[in-house]
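The structure under discussion appears below in the form of structure tokens.
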Amino acid sequence: MTTTPPEPTARRPLPGQEGTPVQRAALAVMGVVAVVALSVAAVLADPGLVPATDPGAASSSGAASPGAPVAPTGRTTEVTVTVDGMAFTPARIEVPRGDALLITFTNTGDQRHDLVFGDALGTPAIAPGASATVDVGVVGADLEGWCSLPGHRQMGMTLQVVATGAGAPPSTAGAHDDPALPASPVPSAAELQAAAASATPHPAELPPLDDATVRRYTFTVTEAVQEVAPGVTRVVWTYNGSSPGPLLHGRVGDTFEITLVNEGTMGHSIDFHAGELAPDEPMRTIEPGARLQYTFTADRAGVWMYHCSTMPMSQHIANGMFGAVVIEPANLDPVDRQFVLVQSEQYLGADGGPTDATKAAAAIPDIVTFNGRAFQYDAHPLTAAVGDRVRFWVLDAGPNAALSFHVVGGQFDTVWTEGAYSVRGGTGAGTAGTTGAQTLPLLAAQGGFVELALREAGHYPFVNHQMSLAEKGAHGVLLVEPAGAS
Ligand SMILES: [Cu+2]
């Protein structure tokens, strides 16, 4: 029985996994690079489990008696477990109590998975098509295994091992409530505002349109640690290092040639709503180190979302993998200022870790942002002058929450949502028609734009008028200065 903890191993702090203070401290240092050491499963000082003498290239060994003391039968039950969608198959296996259990795990899914029984025992994450073995050891009681990639266990990737025969203690399979790493404390609004004040704001201006008709971009997936507030960090998965990812801007009929490069540590993908095509090939999940070409023609105007579509999508989107494609409708009226706001939610997991999949499933966000950081345009207001026509292009990237976009003190004389004008009004302050709108309502993945022109100088908050979401960060300020002031 091991009594001295070995060197901390580099497992990620995943929701639903046990972790020790030593591991968390190590992870705080190692950040997101930690995934690398998944090549050998960790064997820690867990009573009942001892390190394998020869773990091999892709296997780990329990070589003990998980669950309860039991007399070994000397027999070994060998089982092959594969993947169907986001489930193990079989999802339940029976083992005579006292038998050793040897599992061959073959990943027949379309992205990386592992099969673990806690921190101490399991396979590394393996690519589609690969196999690894887990020597569970002698089974004395029921066990639960799962996939430890972010969100996969919560999607249903669990494996129940049921000990059968005389002497088996009452089943606890499925009742095991895994103590997750403690979630980060949720920063207060004041803390988020302070963090926004010291951060560089994400650009909100719509970049000008050039005359290109073929637009080429490389989207490189990377991972980084982001400080949400002092002392609270999260890992973000990004396209080209920012969340939202690159803002694309074009006209109806433009062709977009995208090269997706995965420099992350797990499978990722991309789905552009701006194009209409069969998803099978271009939206497929690619392995770390791989790339794919994704070409689409923007046949229709809109504020189109793009996002990673690797499951669980709530995890990948909440973790930062989303952005907007603005395709201007024909005969768009000229305006003085154009801004793009993309709302998204954050569900904080363990400090330095990814999105908490259970929180995401409950759809009650900790933080809601415009352009990736809560309250950033309170600290760094967007600006216009009295009488300027201002157009806000707005996208709700979700993954879950709706957006009731409102400018405090303003009225929209023009509203265009999901392909059509519902209000099309004036050509300047004081000359608008007699119809208007107070909100631009958007469900997840919907987009549109609004226009307004303000008659008085002042600070005009723009908010998600689902007020609890504004109070969680979906809030900014449009600073309207006297005409000719700047
Ligand atoms: Cu992804």
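Along the sequence shown, residues are numbered consecutively beginning with 1. Just follow the structure's listing: the first ligand is 1, and inside any ligand the first atom is 1.
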Exercise: do T82 and T106 side chains pair donor with acceptor under 3.5 Å: no
Whether the N464 and S404 side chains hold a donor-acceptor pair (N or O, under 3.5 Å, no angle test) is what I'd like checked. no
Any protein N, O or S atom under 2.8 Å from the Cu ion (ligand 1)? Found H268 ND1, C308 SG, H316 ND1, M321 SD
Sequence neighbours excluded - salt bridge (Lys or Arg N to Asp or Glu O under 4.0 Å) pairs with any residue from residues 268-278: E276-R300
Got a sec, which pairs hit salt bridge (Lys or Arg N to Asp or Glu O under 4.0 Å) with one end in residues 363-377, sequence neighbours left out? K359-D366
I'd like to check the ring pair (Phe, Tyr, Trp, His ring centres under 6.0 Å) partners of F322; sequence neighbours left out, ordered by chain and number. none
Mind checking whether Q315 and P354 have side chains closer than 4.5 Å, heavy atoms only? yes
